[in-house]
Amino acid sequence: MKSCKVILFFILYLFLIYLSTAFSPQDNYLINCGSNTDAIVDNRHFLGDSNDQNSVHTSQGKSIFQKNPNPSSNLSFLYTTARVFNGASKYVLNIKKIGTHFLRLHFSPFTAQNYDLRKASFSFSANGVLLFSNFSVNTTVLREFILMVDNFELEIEFTPTYESNFAFVNAIEVFSAPDDFIIGDGAKSVGPRGIQEFNQNMTLQTLETVHRINVGGLKLTPFNDTMWRSWVPDEDFLVLKSAAKIARTSHVPKYQKGGATREIAPDNVYMTAQQMNRENVTTDFIFNITWNFPVDIGDASHFVRLHFCDIVSMAPGQLYFNVYLNGFTAYKDLDLSSVTFRELATPYYIDFVVYSGSSGVVQVSIDPSNLSSTMRRNAILNGVEIMKMVNYVASKSGSKKRNVWVIVSSVLGSFILLSVVILAALLFFVCRKKKLKPKRSESAGWTPLCQYGSTSHGTLSDGTSAGPNGFLGQRIPFAEIQLATNNFDKSLIVGSGGFGMVYKAVLGDNRKVAIKRGVPGSRQGLPEFHTEITVLSKIRHHHLVSLVGYCEEQSEMILVYEYMEKGPLKRHLYGPGITPLSWKQRLEICIGAARGLHYLHTGFAQGIIHRDIKSTNILLDENYVAKVADFGLSRTGPCLNETHVSTGVKGSFGYLDPEYFRRQQLTDKSDVYSFGVVLFEVLCARPAIDPLLSREQVNLAEWAMQWQKDGQLEQIVDPRIRGQIKLSCLKKFGETAEKCLADYGIDRPTMGDVLWNLEYAFQLQESDSLTEPHEVSNSISPRLPLPEGLRNTQNEAYTGDGASEISTSQVFSQLMTNEGR
């Protein structure tokens, strides 16, 4: 009896948790079709659509209500009635929130009066998107779609075929999905050409759910899901059941902000998984787990969402595995701990697009990575969702409207063309007397950029814009960019990023430039495009990459920068086949980057926060002068009466300020933290995150800080430069990096302080007698032992800031006395 009470209490507790975390959509239409009675199903209230008091929808067209004379006790109450359409008819629902929506249509045929619903044949569409044609059912089915609703009405239209002359539906669900449920540029295309960015906006695709699988778990009903979905076990889809072994946990998943949520998949999906079954198998025997999911045979692509949650590892960095789709590599050496900030049992999902073709199967496989230690080889999968990407087909009424519009547009087009010819002739004669100021060309697809300071600074006649710091950039015709890149020849690609590909090119005036091209036709990079131009239109500094121009024609988003001959700093620290930088070069590069950042933070009233400082965003010119680049994530700093900017977390793993990540409060000290990671990266010549290393070494900041606090920083210095560094210089450099990586921003120095300390470290390296300001020291800093075969061959002097050609000795002359600064 006591145990029963405990079980009941536990069930009640879970129910209360469910109610407290249930998703509440802004649009939420639940319709019990053909009924004047409401129904409660899975704790949801479906309104009868024949009840005059329920004004949740309108139905247009000829229809009648039918009731099942012999309802089955096994079926939901929703399936006891149906609305039958004798002609083209539709529901029209008012939409409050534009965006991604779920549409579910319930069908359960029965025989009543003069209608046998099994004989119905019809098509149905939503806002002109054909979802099904010649649709008929002999049993109870649910059709679920995820689609973009881009206006304030949703029309669900049913059109009978000539064979049956009627259509029907038992229930309809329409509700808005959470923000970012489908991410526009979040999917990767997997196929014979490898892994590529999916070049279409995924939010604009209409998806039909084919499979939703709880891998390693039991069937989940809508009552167990905050989005009221059903999940089925994976057992029937396993190719070799003996290859898999179920893993379970009783602990609730640790959701992270910005990652997977209970709306992406419920707790139960992430609390079970299939893993490698290594019982009676030798440790060095490698095999995989494979699932075959049947899909319709035909010319179709499928959206595949895979769910992961590491519930099998004892510590982060132990699980590395590969993922395959239809036999092609989808993700190699996946380390879940590296994408979840080294947290175990943290949900994570990845979206892919695959082409099924005539195979009739979407195949998913996992196997251990070669990075795994022999004793810990494993691979896991927690959930799978497969959705067919539905083609857009306009409805009949839409096609009629379109035909009328073609005629109207043709007439209007002819009239406009004639008007343009006449206007051009008039302008030709007027321009002979007075030269007109050129008008900015319009960009296709979005509002053109405003010239910075257009009222006070004006616009130059040649298309260049002027600002407080002089020349800022110019509009460059798309045709000129095409010519410079040989129509975007792949052999000219020198890099890539989240925004797009980067090409090396030479403009018509023989200027070497780097051309960064956003994904054509995509609006996802538009905020970064705007931000980059806005920021670079305000700044001009020797240690910031200059904007040469931009192009916004033909829906293109293209940025043109000065070309940095030596590329990113990262390549020179641990890139293949490149001569290592000397210690003096590395110090000069750090000082240059610090100068650029200091100018960003202090050059304006509010300052600018870069938000993505890392070694790949510090570029080097032909003389190894450092310049900070990539301002797409930059933000204006807080106002005078504010301490921070509240914003979503952006940045790169390994460099991200932990305080910013926890509190989502951005300050210039977040850049300082990232720069501290770069300092250790420069000193140790290793990545910020390296999953190939042991657990304590994976994160560079944590690992290097431990050596610094133990006073043994010299033990982890890049062996290629160890003999070049004086101990006094290393001490100052290590202290500077340590202060940058303080847990709290208030304890970190400003970039001005960082710059000063790096300059001082440089002078400690150059001078044998320099002492710390306000300190007395007559000792000469000894050099670290020089490893055999290494010597310093670089003797170039730092050229200083380009704004004033002051030599290094002049810049630091104030530091040559005990009085200091």
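Treat the numbers as computed from the prediction; the structure is a model and nothing was measured.
Using cut-offs of 30° and 60° on the angle between ring planes, the pair Phe158 and Tyr91 is perpendicular. Between Phe181 and Phe102, the two ring planes are perpendicular [angle over 60°; tilted spans 30° to 60°].
Asp27 places no side-chain N or O within donor-acceptor distance of the main-chain N or O of Phe175, the cut-off being under 3.5 Å.
Under the 4.5 Å side-chain criterion, counting only non-hydrogen atoms from C-beta, Lys97 is not in contact with Val149. Counting heavy atoms from C-beta on, the side chains of Glu263 and Thr226 come closer than 4.5 Å. Proximity of Tyr348 to Gln256: side-chain heavy atoms (C-beta onward) are nowhere separated by under 4.5 Å. Residues Arg229 and Thr209 are not in side-chain contact: their nearest non-hydrogen atoms beyond the backbone lie 4.5 Å or more apart. With contacts defined as side-chain heavy-atom distances shorter than 4.5 Å, the pair Lys388/Leu207 does not qualify. In this structure the side chain of Phe352 never reaches within 4.5 angstrom of the side chain of Phe328, judged on heavy atoms. With contacts defined as side-chain heavy-atom distances shorter than 4.5 Å, the pair Phe478/Ile558 qualifies. The side-chain heavy atoms of Tyr79 and Pro71, taken from C-beta on, include no pair separated by under 4.5 Å.
Between the side chains of Asn326 and Tyr355, no donor-acceptor pair of N or O atoms lies under 3.5 Å. Side-chain polar atoms of Tyr115 and Asn86 form a donor-acceptor pair below 3.5 angstrom. Remark: the Ser189 side chain and the Gln196 side chain contain no N/O donor-acceptor pair separated by less than 3.5 Å.
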Determine whether Leu306 and Val384 satisfy the following criterion, side-chain contact (heavy atoms from CB on, under 4.5 Å), listing intermediate values before the conclusion. CA-CA 5 Å; Leu306 302 181; Val384 179; 3.9 Å; yes
CA sep, side-chain torsions, deciding dist, call: Phe107, Phe124, ring-ring contact (aromatic ring centres under 6.0 Å, His included): CA-CA 12 Å; Phe107 303 98; Phe124 53 88; 5.7 Å; yes
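Counting heavy-atom neighbours within 6.0 Å of Leu218 CG, excluding the residue itself, gives a total of 12 or less. Counting non-hydrogen atoms of other residues, nucleotides and ligands closer than 6.0 Å to CD of Glu235 gives a total of 12 or fewer.
Screening Asp38, Asn28, Asn32 against His45 for a side chain to side chain donor-acceptor pair (under 3.5 Å) leaves a single residue, Asp38. The one candidate from Leu103, Leu147, Leu105 that meets the side chain to side chain contact (heavy atoms under 4.5 Å, CB included) condition with Val174 is Leu103. Among the candidates Tyr349, Phe321, Tyr270, the single residue satisfying the ring-ring contact (aromatic ring centres under 6.0 Å, His included) test with Phe308 is Phe321.
Pro266 and Asp225 get closest at one heavy-atom pair: CD-OD2, 3.6 Å. Taking all atoms of both residues into account, the shortest heavy-atom contact from His106 to Val169 is O-CG2, 3.6 Å. Here the shortest heavy-atom pairing between Ser176 and Gln26 reads OG-N, 3.2 Å.
The structure places CD of Gln66 at 6.5 Å from CZ of Phe110, a figure rounded to the nearest 0.5 Å. Ile380 contributes atom CD1, which lies 5.0 Å from atom CG of Asp310 (distance to the nearest 0.5 angstrom). One finds the OG1 atom of Thr37 at 11.5 Å from the CG atom of Leu47 (value rounded to the nearest 0.5 Å).
Between Glu144 and Arg212, at least one side-chain nitrogen of the basic residue sits less than 4.0 Å from a carboxylate oxygen of the acidic one, meeting the salt-bridge criterion. A salt bridge does not link Asp42 to Arg44: none of the charged nitrogens lies less than 4.0 Å from a carboxylate oxygen.
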Output side-chain donor-acceptor pairs under 3.5 Å for residues 126-141, partner residues at least two apart or in another chain, one line each.
| from | atom 1 | to | atom 2 | distance (Å) |
| --- | --- | --- | --- | --- |
| Asn127 | OD1 | Glu155 | N | 2.8 |
| Asn127 | ND2 | Glu153 | O | 3.2 |
| Thr140 | OG1 | Ser108 | OG | 2.8 |

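The aromatic ring centres of His307 and Trp231 sit less than 6.0 Å apart. Not less than 6.0 angstrom separates the ring centroid of Phe293 from the ring centroid of His302.
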